[in-house]
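Reading through the structure tokens given below for one structure.
One-based numbering along the sequence shown. Whatever order the structure lists them in is the order used to number ligands and atoms, beginning at 1.
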Amino acid sequence: MPLPPGLIVSCQAEPGSPFAGVAFIQAFAQAAVVGGAGAVRLCGVRNVQAVRPLVSVPIIGLTKHQYPDGRVLITESRREVVDLVTSGADVIAVDATTRRRPEGITGTEFVRQLKQEFPDLLVMADVDTLAAGVKAAAAGADYVATTLAGYTPETEFFGNDAPDFDLIRQLAQAVTVPIIAEGRIRTPIQARQALEAGACGVVVGSAITRPVDITRWFVQALGSKS
Ligand SMILES: CC(=O)N[C@H](C=O)[C@@H](O)[C@H](O)[C@H](O)COP(=O)(O)O
């Protein structure tokens with residue numbers, strides 16, 4: 001099931017969050033659909049399995065691990081891809097940066113291998129830079145998402161809380177596959193601006209499904225200590 005244009009809600013909870021439980025992820029996903037989201041993005045096989053019977057919209061599935069430097073690695077292995085698909089994910093999100101994964105290949109190469117082995121699999125390439133996005137599209141990615149802009153050694157910026165509109169714009173001009181804007185989109189106006197910059201879909205996560213983060217934003221804005 002391909003992704004429709006428009007809003008995609010990422011329903012994820014970090015370990016230790018009061019919302020880190022399958023029942024909460026199910027509720028967030030159902031709420032997203034009731035609210036009109038066209039797809040949901042879920043982390044972990046258990047969550048995909050639990051949400052699949054409850055929603056008819058496409059599910060983007062992923063897993064999360066850490067690189068040795070502590071940064072996030074989205075969907076590490078072929079085995080995980082197969083498990084996510086078997087659990088009911090329609091699209092698989094993978095780290096498609098040019099970093100070498102623990103097993104030695106780059107994210108670009110991982111995309112290429114997946115598309116060679118599973119030509120019908122819909123792959124969302126989570127990238128950090130224009131170069132990575134162009135390579136991912138050439139490797140066969142079905143969607144290119146700006147998910148990792150700001151979260152890799154090349155792009156890490158401290159204190160910048162804005163979406164990377166420049167990257168959205170550049171990718172939309174450089175590749176023909178749909179661009180998904182993702183990362184730090186906090187308001188409906190920013191979501192609209194992402195579409196105007198050339199995105200076909202917009203993933204919103206924390207602003208909808210991470211109450212702890214949302215609370216912190218308000219606390220910080222008020223100048224109080226959290
Ligand atoms: C960098 C990384 O690990 N991103 C993850 C990818 O699945 C999620 O933690 C984000 O919530 C998601 O990308 C949506 O972004 P935001 O929560 O900013 O709307």
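Taking only nitrogen or oxygen atoms, main chain and side chain alike, Glu14 does not reach within less than 3.5 Å of ligand 1. Inclusion of Arg186 in the set of residues having an N or O under 3.5 Å from an N or O of ligand 1 is warranted. Ligand 1 has no N or O atom lying under 3.5 Å from any N or O atom of Leu148, backbone or side chain. For a threshold of 3.5 Å applied to N or O pairs, the pair formed by Thr147 and ligand 1 contains no separation below that value. Ligand 1 has a nitrogen or oxygen under 3.5 angstrom from a nitrogen or oxygen of Gln12.
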Check: Would Asp142 and Lys115 satisfy salt bridge (charged side-chain N to carboxylate O under 4.0 Å, His left out), going step by step from the backbone distance to the final call?
Finding: CA-CA 9 Å; Asp142 299 277; Lys115 290 299 294 188; 2.9 Å; yes
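A distance-only check finds no donor-acceptor pair linking the side chain of Glu156 to the backbone of Thr152 [under 3.5 Å]. The main-chain N or O of Pro163 is never found under 3.5 Å from a side-chain atom of Arg186 such that the two would form a donor-acceptor pair. Remark: side-chain polar atoms of Gln26 are not paired, donor with acceptor, to backbone N or O of Leu54 under 3.5 angstrom. For the pair Tyr143 (side chain) and Gly201 (backbone), a donor-acceptor distance under 3.5 Å is absent.
Distance from atom 10 (C) of ligand 1 to its nearest protein heavy atom, with residue and atom name: Arg210 NH1, 3.9 Å. Closest protein heavy atom to atom 5 (C) of ligand 1: Lys64 NZ, 3.5 Å. Closest to atom 18 (O) of ligand 1, if we only count protein heavy atoms, is Arg184 N, 2.8 Å. The nearest protein atom to atom 6 (C) of ligand 1, hydrogens excluded, is given as Arg41 NH2, 3.4 Å; this is a heavy-atom distance. Looking only at protein heavy atoms, the nearest one to atom 19 (O) of ligand 1 is Gly205 N, 2.9 Å.
Of the candidates Leu62, Ile60, Val72, the one placing a heavy atom closest to atom 3 (O) of ligand 1 is Val72.
Annotation: cation-pi geometry satisfied between Arg101 and Phe110 (NZ/CZ under 6.0 angstrom from ring centroid, within 45° of ring axis).
Taking every non-hydrogen atom of Ser206 and a distance limit under 4.0 Å, the qualifying atoms of ligand 1 come out as 16 (P), 17 (O), 19 (O). Remark: ligand 1 atoms within the under-4.0 Å shell around heavy atoms of Glu182 are 6 (C), 7 (O), 12 (C), 13 (O), 14 (C).
Using 4.0 Å as the threshold, Gly183 has a heavy atom nearer than that to some atom of ligand 1.
The residues Glu76 and Lys64 are annotated as not salt-bridged, no charged nitrogen and carboxylate oxygen being separated by less than 4.0 angstrom.
Both Leu84 and Leu121 belong to a common hydrophobic cluster when Ile, Leu, Val, Met, Phe, Trp and Tyr are linked at side-chain heavy-atom distances under 4.5 angstrom.
Aromatic ring pairs are classed by plane angle as parallel below 30°, tilted from 30° to 60° and perpendicular above 60°; the pair Phe19 and Phe28 is tilted.
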